[in-house]
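Only one structure is covered here, and it is reproduced in the block below.
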Amino acid sequence: MTFTLATWNINSVRLREGLVARLLRDEAPDVLCLQECKSPVDKIPTEQFRALGYNWMIARGQKGYNGVAILSRLPLTDAGSVDFADLGHARHVAARLENGVTVNCVYVPAGGDIPDREQNEKFGQKLDFLTQMRDSFRAEKPAKSILVGDLNIAPREDDVWNHKALLKIVSHTPVEVDQLNETREAGGWVDVTRANIPDGKLYSWWSYRAADWDAADKGRRLDHVWASADIAASGQGSRVLRDARGWEQPSDHAPVFATFDL
DNA sequence: ATGGTAGGCCTCCTA
């Protein structure tokens, strides 16, 4: 069985309902994981998605901030959620497919501007969130699992437009990169995107603040697709749909895709 | 070195 999965930080699912529908129509992933829905679950618009065959949604939400959802045209069951770092935020939800694969949709805290937990509480929360994820993987090794989402860290030198310039910028500091790698290794997760696309610059996010995001191309790879070691080899055909960053009234993130042949 | 844009909400928070 082959299925395609995409992950996208949508930055308000209500404002960008039309863009989600466009992605579902044009690219037709079997499963679409969304982050930053910025909506309570009962206010997520699902009619257009259902009309396109996406009859399942497992989500966690809150008013105004955060929020994660898994849309699917394959049957899903709710596999729970964890409040990593006890922030009271909707940043994780899991769903199970009929083939037994568990899909985790994660939105790691951005972490504020100052990369120092003494001066910036949000940075500490980001590190704590990752530490608790790591510990959960140590406690129970993931199997037949996929983890995707906006992890808000670009771990490799070629995951950012300028490695040196970003070493002190939250999302690419060594302490975050180490923490993310430790979290990934603790679960035996494989970075499927980079397994499929090992070489060259690769980004999934471009700031709204840059005048000409496409020409300047000062991007970062903040959005990730991981698979547990037992199914990682089945991950194929990864890609970033960069075009979506140029759609009308876009999210600042582009969707990341992977196909699994199980 | 700085400030730049965007979304949601209740006048400023977060990214």
Side-chain angles (χ1 to χ4, degrees), chain A residues 7-23 33-45 59-69 83-92 105-117 119-130 148-155 159-173 176-177 179-180 203-224 242-256:
Chain A
T7 180
W8 196 11
N9 178 319
I10 194 62
N11 188 19
S12 174
V13 70
R14 286 150 84 185
L15 190 69
R16 287 186 242 285
E17 175 187 2
L19 295 193
V20 174
R22 176 174 174 180
L23 185 85
C33 295
L34 298 172
Q35 302 86 38
E36 275 209 274
C37 296
K38 294 186 170 177
S39 173
V41 174
D42 62 0
K43 294 212 163 63
I44 296 176
R60 296 293 186 273
Q62 62 184 92
K63 195 175 168 182
Y65 302 98
N66 311 313
V68 284
D83 182 13
F84 295 112
D86 306 307
L87 301 172
H89 296 173
R91 294 182 178 274
H92 170 260
C105 179
V106 182
Y107 176 46
V108 172
D113 289 331
I114 305 167
D116 177 352
R117 70 188 310 153
Q119 294 177 62
N120 168 22
E121 181 187 37
K122 289 198 188 66
F123 193 72
Q125 291 175 349
K126 182 178 198 174
L127 298 179
D128 292 346
F129 189 98
L130 291 164
V148 306
D150 178 4
L151 305 186
N152 264 315
I153 297 172
D159 290 337
V160 295
W161 66 278
N162 185 327
H163 168 62
K164 269 193 155 177
L166 291 177
L167 277 170
K168 291 179 178 172
I169 303 297
V170 172
S171 74
H172 194 61
T173 64
E176 291 168 86
V177 169
Q179 188 78 58
L180 186 70
Y203 315 135
S204 65
W205 174 87
W206 295 261
S207 173
Y208 284 127
R209 295 176 191 177
D212 191 345
W213 73 273
D214 195 24
D217 201 22
K218 295 182 173 179
R220 307 177 201 168
R221 188 172 71 100
L222 304 179
D223 303 276
H224 298 264
R242 184 183 170 115
D243 281 1
R245 180 62 179 81
W247 290 353
E248 195 180 339
Q249 199 173 31
S251 167
D252 45 354
H253 294 253
V256 181

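These figures come from a predicted structure and were not determined experimentally. Scope of the values below: all heavy atoms of this structure, side chains included, with no hydrogens, waters or symmetry mates. Every chain is numbered from 1 and lettered A, B, ... according to where its sequence line falls, protein lines coming before strand lines.
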Review point. Considering heavy-atom distances to DNA chain B, does Gly112(A) or Gly64(A) have its closest nucleotide positioned more toward the 5' end?
Key: Gly64(A)
Exercise for review: Tell me which nucleotide among dT5(B), dC13(B), dC9(B) gets nearest to the side chain of Arg209(A).
Suggested key: dT5(B)
Exercise for review: In whole angstrom, give the distance that lies between atom CD1 of Ile169(A) and atom P of dT2(B).
Suggested key: 12 Å
Practice item. Determine the Euclidean distance between corresponding P atoms of dC13(B) and dC9(B); express it in Å to zero decimal places. Key: 15 Å
Practice item. Determine the interatomic distance between C1' on dA15(B) and the same-named atom on dG4(B); round to the nearest Å. Key: 14 Å
Exercise for review: Applying salt bridge (Lys or Arg N to Asp or Glu O under 4.0 Å), run through Arg245(A) and Asp214(A) and close with a yes or a no.
Suggested key: CA-CA 9 Å; Arg245(A) 180 62 179 81; Asp214(A) 195 24; over 6 Å; no
Check your understanding: Counting just side-chain N and O atoms, does Gln35(A) come under 4.0 Å of either OP1 or OP2 of dA15(B)?
Key -> no
Point to revise | Interatomic distance, Asn11(A) CG vs dA6(B) P [rounded to whole Å] | key: 11 Å
Exercise for review: Give Arg220(A) one of three labels, base, sugar-phosphate or nothing, depending on what nucleic acid heavy atoms sit under 4.0 Å from its own.
Suggested key: nothing
Practice item. Step through the shown structure and confirm whether more than 12 heavy atoms of other residues, nucleotides or ligands are within 6.0 Å of CG on Asp113(A). Key: no
Revision key, fill the gap. Among dA6(B), dA15(B), dG8(B), the one nearest any side-chain atom of Lys122(A) is dA15(B)
**Study point:** Whole angstrom value for the distance that separates P of dT5(B) from NE2 of His253(A)
**Key:** 18 Å
Review point. Where do Leu222(A) and Ser171(A) come nearest, in terms of heavy atoms and distance?
Key: CD2-CB, 4.0 Å
Review point. Passes side-chain contact (heavy atoms from CB on, under 4.5 Å), Trp205(A) versus Asp150(A)? Steps please.
Key: CA-CA 10 Å; Trp205(A) 174 87; Asp150(A) 178 4; over 6 Å; no
Practice item. Only one of Gln179(A), Glu176(A), Glu121(A) passes side chain to side chain donor-acceptor pair (under 3.5 Å) with Lys126(A); say which it is. Key: Glu176(A)
Practice item. Would you kindly give the NZ-to-P distance between Lys38(A) and dA6(B), to the nearest whole Å? Key: 12 Å
Revision key, fill the gap. Assert: residue with more 5' nearest nucleotide on DNA chain B, out of Ser12(A) and His89(A), is Ser12(A)
Point to revise | Interatomic distance where CH2 belongs to Trp206(A) and C1' belongs to dT5(B) [whole Å] | key: 17 Å
Practice item. Tell me whether the OP1 or OP2 atom of dA6(B) has a side-chain N or O from Arg245(A) closer than 4.0 Å. Key: no
Check your understanding: Base, sugar-phosphate alone, or nothing: which one does Arg14(A) contact when heavy atoms must sit under 4.0 Å apart?
Key -> nothing
Check your understanding: What distance, rounded to whole Å, do you find between the two P atoms, one in dC10(B) and one in dT14(B)?
Key -> 13 Å
Exercise for review: Check the distance between dA6(B)'s C1' and Arg16(A)'s CZ and give it to me in whole angstrom.
Suggested key: 8 Å
Practice item. May I have the distance from Glu248(A) (atom CD) to dA6(B) (atom P), rounded to whole angstrom? Key: 12 Å
Point to revise | Spacing between Ile153(A) atom CD1 and dA15(B) atom P, to the nearest angstrom | key: 14 Å
Practice item. Quote, to the nearest angstrom, the C1' distance that separates dT2(B) from dG8(B). Key: 27 Å
**Study point:** Span that lies between the C1' atom of dT11(B) and that of dG7(B), in whole angstrom
**Key:** 15 Å
Practice item. Could you tell me whether Arg60(A) and Asp83(A) make a salt bridge, using a distance below 4.0 angstrom between a side-chain N and a carboxylate O? Key: no
